[in-house]
Amino acid sequence: MPVNEQYLDELASDRQDVYRKLHQQIRSNRELRYGEHEIPIPEAYQSSTQAVRSPIVADILFRVVATLTTDDPIATVPPYSQTDKAKRNASLRERWTMAAIGRMMREGQRDTFRMGIDAAAADSVGVWKLVDRKDVWKGFPRRRDEEEPDSYMQRFDKFVKSAPFPFIWTDLDPLTYFALPDTYGGTSEVLELTKRPALPTMKAFGVRKARGQAGFAKRRPGEALSDDNDYAGKMFDCQEHWDGPTVTYRLDKEIVDQRTVNYPRPPYFELGGHMTSSRELHRKYQSVIQPFAHLIPTLDSVLTMTSNWVYLSAYPFLKMIDPTGQITIGPGDPTKVTDIKPGDILQNVEFLAAPSVSQGIKDIVNLLNMMIDRSGLAAVMYGQGNSSSSGYMVSQLMTAAQLVYAPIVKNARMALEQMIVLMWQLIERRMKRKVFVWGKGTAPGMGDWLGLGPDDIDEYYALDVQLKPLLPLDEIQQ
C-alpha cells in the first residue's frame with residue numbers, strides 16, 4: 001500500500017531513535033580508523049606537543065578486508081534433479097551469476113563486494129542494494145513489416161547484449177539505512193535517508209522548482225530546472241522508502257515519485273560484522289575493532305606523552321644562572337636571546353633537562369599493546385609464522401585467525417545469496433525475458449554470451465555462495 005508524507009515522518013522519527021546509538025558507535029569507530037579522535041593535551045604544552053595516533057586500527061581493518069576479498073565469491077547451484085538438463089541448467093546459472101556480479105561492479109566502477117565487507121568489518125554493519133533498471137532497454141528495435149519472428153528476436157537480442165546491464169548493485173553508507181523488521185525476523189520496510197545535489201536530482205525525477213514556489217512541478221521537455229540560482233550547489237534531503245510492492249521518493253518533504261514495482265522484498269541486504277545475541281542494534285552489531293576500541297585513545301595519549309618527553313630531551317631549554325642564583329634566560333624569559341659562538345666556554349649555563357620517563361609509562365604501553373594484540377588479530381594475520389613451525393602449529397594459528405573473520409564471512413554469504421535470489425526473481429517478475437551477460441563458456445578458456453530467462457529459473461532458487469579468505473600462512477600450511 002502506498003505511503004503518505006505523515007507516515008514517512010513518523011517512520012523516520014522512530015527509526016532514527018532506534019538507530020541512534022548504533023550510528024554513534026559507527027562514527028566513533030570511524031574517528032579511530034581515520035585518526036580523527038581527540039587526544040587531550042594540556043594547554044601549556046599544545047604549542048610544542050605533536051599528537052601521536054597509532055595506525056593499529058587502520059592496519060587491522062586493511063588486513064581483515066584484504067584477507068576476505070582477495071578472491072571473488074563463488075556461487076554454486078545444486079541441480080534440481082540428476083538429469084542432464086538439470087545439470088546444464090545449474091551450470092548456466094552458476095556461470096551467468098558470477099559474470100553478472102562482475103559486470104555490475106565494472107559498470108558501477110566500484111568494488112561493491114569489497115566495500116560491503118569493509119563496512120561490516122569497520123562500521124559493524126554493511127548494506128548492499130540491488131535494483132533493476134529496465135529503462136536501459138528503452139529504444140529497443142521495432143519489428144519490421146513482414147519480418148520473421150526469429151529474425152526480429154535476433155535483432156532484439158543483439159540490442160540487449162549491447163545495452164548496459166539491467167541491474168545495479170551498490171553499497172550504502174550504513175548511516176543512511178533504516179530498516180523496519182517484520183514479525184519473522186526479516187525486513188518489511190526500508191527507509192533510506194540521504195542528501196542529494198538539487199539540480200541533478202530534480203532532473204532525475206522530472207521535476208522543477210521556480211523562485212518562491214512552495215512545491216515541485218512537473219518539468220516539461222526543455223524547461224529549466226529552476227529560475228533560482230540559489231539551487232546551484234544546494235543539497236536536498238531525500239527519503240527513499242521501499243516495502244517491496246512499492247517505492248516512494250520524497251524530496252524536501254514532498255513526495256515526487258511513487259511507483260508499483262512488484263518486488264518480493266525491499267532490495268537491501270545487511271551483512272553484519274561480529275554479531276551478538278543482543279536485540280539492541282549497537283550491541284547486536286560489533287566491528288572487528290570493538291573489543292579494543294576503548295583502549296586506542298589511552299594508548300595514543302600515553303604515546304603522545306612519551307613523544308613530548310623525547311622532544312623536550314632532544315631540544316632542551318638553556319638556563320643561565322646569575323651569582324644570586326636567579327635564572328636569567330630560559331623558559332621563564334623566552335623573548336631574550338643570547339648568541340653563543342662555537343668554542344666559547346660558558347659559565348653558569350646548563351640544560352633544563354626533562355624528567356626521566358618512569359618505568360610505569362613503559363609498562364602501561366606494553367600492557368595496552370598486549371591487550372590490543374590479544375583482542376585484535378592473531379599473529380598469523382601478519383604473516384608472522386615461523387618457517388620451521390609444524391603443520392599442526394600453523395593450523396592452530398589459522399584456526400585462531402578464523403575467529404576474527406568467520407562471522408563476517410557467514411553474514412556476507414547469506415547477504416549475497418539473498419541478493420542473487422532477488423535478481424533471479426526480478427528476471428521472472430519484471431524482465432520477463434532473457435538477460436544476457438558475457439561470461440565463461442562451456443569450452444575451457446572460452447567466453448560466450450550467457451542468457452538467463454524466466455524459463456531457466458522456473459521458481460527454483462536454491463544456491464550456495466562460498467567465500468575463500470586468503471591467509472598469509474596458507475602456503476606454509478600446504
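Numbering starts at 1 and runs along the sequence shown. Keep in mind that what you see is a predicted model, and the values were worked out from it rather than measured.
Taking the side-chain contact (heavy atoms from CB on, under 4.5 Å) definition, one finds that N369 meets it with I56, L299, V365, sequence neighbours left out. Contacts of K440 classified as side chain to side chain donor-acceptor pair (under 3.5 Å), with partners at least two apart in sequence or in another chain: none. Looking at residues two or more places apart in sequence or on another chain, you find a side-chain contact (heavy atoms from CB on, under 4.5 Å) between M98 and A75. With sequence neighbours left out, the side chain to side chain donor-acceptor pair (under 3.5 Å) criterion links Q109 to no other residue. Evaluation of the side chain to side chain donor-acceptor pair (under 3.5 Å) rule for R430 yields D132 as partners, not counting sequence neighbours. Listed by chain and number, the residues in a salt bridge (charged side-chain N to carboxylate O under 4.0 Å, His left out) with D182 amount to none (sequence neighbours excluded). Shown here are the side chain to side chain donor-acceptor pair (under 3.5 Å) partners of T112, two or more places apart in sequence or in another chain: there are none.
Residues V421 and Q425 form a side-chain contact, since some pair of their non-hydrogen atoms from C-beta on lies under 4.5 Å apart. A 4.5 Å side-chain heavy-atom check between F113 and W128 finds at least one atom pair inside the cut-off. Using a 4.5 Å cut-off on side-chain heavy atoms (C-beta onward), I420 and I101 make contact. Between S287 and H274 there is no side-chain heavy-atom pair separated by less than 4.5 Å. Proximity of V3 to Q258: side-chain heavy atoms (C-beta onward) are separated by under 4.5 Å at one or more points. A heavy-atom distance below 4.5 Å is found between the side chains of V160 and R433. Between K161 and F159 the shortest side-chain heavy-atom distance does not fall below 4.5 Å. For the pair E94/I74, no side-chain contact is recorded, criterion being any heavy-atom separation below 4.5 Å from C-beta on.
Ring-plane geometry between W438 and W449 is classed as perpendicular, the angle between the planes exceeding 60 degrees on a 0 to 90 degree scale with a lower cut at 30. Ring geometry, F178 versus H23: the interplanar angle exceeds 60°, so the pair is classed perpendicular (tilted spans 30 to 60°).
Judged by distance alone, with hydrogens and angles left aside, the side-chain atoms of Y19 form a donor-acceptor pair with the main-chain N or O of A179 at under 3.5 Å. Side-chain N or O atoms of R429 include none that pairs as donor or acceptor with a backbone N or O of I427 at under 3.5 Å. D257 places no side-chain N or O within 3.5 Å of a backbone atom of Y249 that could act as its donor or acceptor partner. Here the side chain of E270 pairs no donor or acceptor atom with the backbone of V125 at under 3.5 angstrom. Judged by distance alone, the side chain of R413 and the main-chain N or O of V465 form a donor-acceptor pair under 3.5 Å. Using a distance-only test at 3.5 Å, with no hydrogens or angles considered, a donor-acceptor pair links the side chain of T201 to the main chain of P197.
Heavy atoms only, all atoms of each residue included: I39 and A51 are closest at CD1-CB, 4.1 Å.
Screening residues 96-105 for salt bridge (charged side-chain N to carboxylate O under 4.0 Å, His left out), with sequence neighbours left out, gives R103-E107. Listed by first and then second residue, the salt bridge (charged side-chain N to carboxylate O under 4.0 Å, His left out) pairs involving residues 281-295 are E280-R283 (not counting sequence neighbours). Applying the salt bridge (charged side-chain N to carboxylate O under 4.0 Å, His left out) definition to pairs two or more places apart or across chains, those involving residues 111-123 are R30-D123, R33-D118. The stretch residues 12-24 participates, sequence neighbours left out, in these salt bridge (charged side-chain N to carboxylate O under 4.0 Å, His left out) pairs: D17-R20. Pairs passing the side chain to side chain donor-acceptor pair (under 3.5 Å) check and including a residue from residues 189-200, sequence neighbours excluded, read Y7-E189, K129-E192, E189-H241, E192-Y268, T194-R196, K195-D237, R196-E240.
One finds the CZ atom of F292 at 9.5 Å from the CG atom of D373 (value rounded to the nearest 0.5 Å).
Between the side chains of D173 and T176, no donor-acceptor pair is found at a separation under 3.5 Å.
Aromatic rings from F236 and F205 are positioned such that their centres are separated by 6.0 Å or more.
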For D455 and K434: C-alpha separation, side-chain torsions, deciding distance, then whether salt bridge (charged side-chain N to carboxylate O under 4.0 Å, His left out) applies.
CA-CA 9 Å; D455 293 340; K434 283 185 180 293; over 6 Å; no
